[in-house]
Trainee: 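Pasting a structure below so you can have a look.
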Amino acid sequence: MVRNDPVLTLLLDGHCIETTARIAFRDMERCALDGREVDESAYELLSEFLQATDFGTLRTERPILDGRRKVKVKVYRKGATFAIEEIDRLEG
């Protein structure tokens, strides 16, 4: 499958998907404010993901995203919503 849209990779390690996404968003904002280059499409995707997602429901439906286990996921647009795919469960 070929995707031209941005794909975010998030490592959930001690934080749920919402907190991890917010930290990534804040890091991107810091980079932009420091004059460093930020992938604009990834920034927009993350912003829209944070605004549109009901994280309480998401964590209930998919407990793996609660941050208790170390897991790497990718987030991307899927039509009018977002898809979250587990890439890897990690030890630790």
Trainee: Hydrophobic side-chain clustering at under 4.5 Å (ILVMFWY, transitive links): who's grouped with Tyr43? Put none if nobody.
Mentor: Leu8, Leu10, Leu12, Ile17, Phe25, Met28, Val38, Leu45, Leu46, Phe49, Leu50, Phe55, Leu58, Ile64, Leu65, Val71, Val73, Val75, Phe82, Ile84
Trainee: Work out which heavy atom in Glu18 is nearest to a heavy atom in Arg59; give both atom names and the distance.
Mentor: OE1-NH1, 3.1 Å
Trainee: Going by an N to O cut-off under 4.0 Å, is there a salt bridge joining Arg62 and Glu86?
Mentor: no
Trainee: What residues, two or more places apart in sequence or in another chain, satisfy side chain to side chain contact (heavy atoms under 4.5 Å, CB included) together with Ser41?
Mentor: Pro6, Asp39
Trainee: Share the residues that join Ile23 in a hydrophobic cluster, the rule being Ile, Leu, Val, Met, Phe, Trp or Tyr side chains under 4.5 Å apart at the heavy-atom level.
Mentor: none
Trainee: Can you list the residues that meet the side chain to side chain donor-acceptor pair (under 3.5 Å) rule with Thr57, with sequence neighbours excluded?
Mentor: Asp54
Trainee: Would you give the length of the straight line joining atom CG of Asp5 to atom CD of Glu44, rounded to the nearest 0.5 angstrom?
Mentor: 11.0 Å
Trainee: Mind checking side chain to side chain donor-acceptor pair (under 3.5 Å) for Glu40 and listing every partner two or more places apart, or none if nothing turns up?
Mentor: none
Trainee: Quick one: does any side-chain atom of Thr81 pair with a main-chain N or O of Lys78 as donor and acceptor, under 3.5 Å?
Mentor: yes
Trainee: Which residues pass the salt bridge (Lys or Arg N to Asp or Glu O under 4.0 Å) test with Arg36, sequence neighbours left out?
Mentor: Asp34
Trainee: Identify the two heavy atoms, one from Arg69 and one from Pro63, that lie closest to each other, and give their separation to 0.1 Å.
Mentor: NH2-O, 3.2 Å
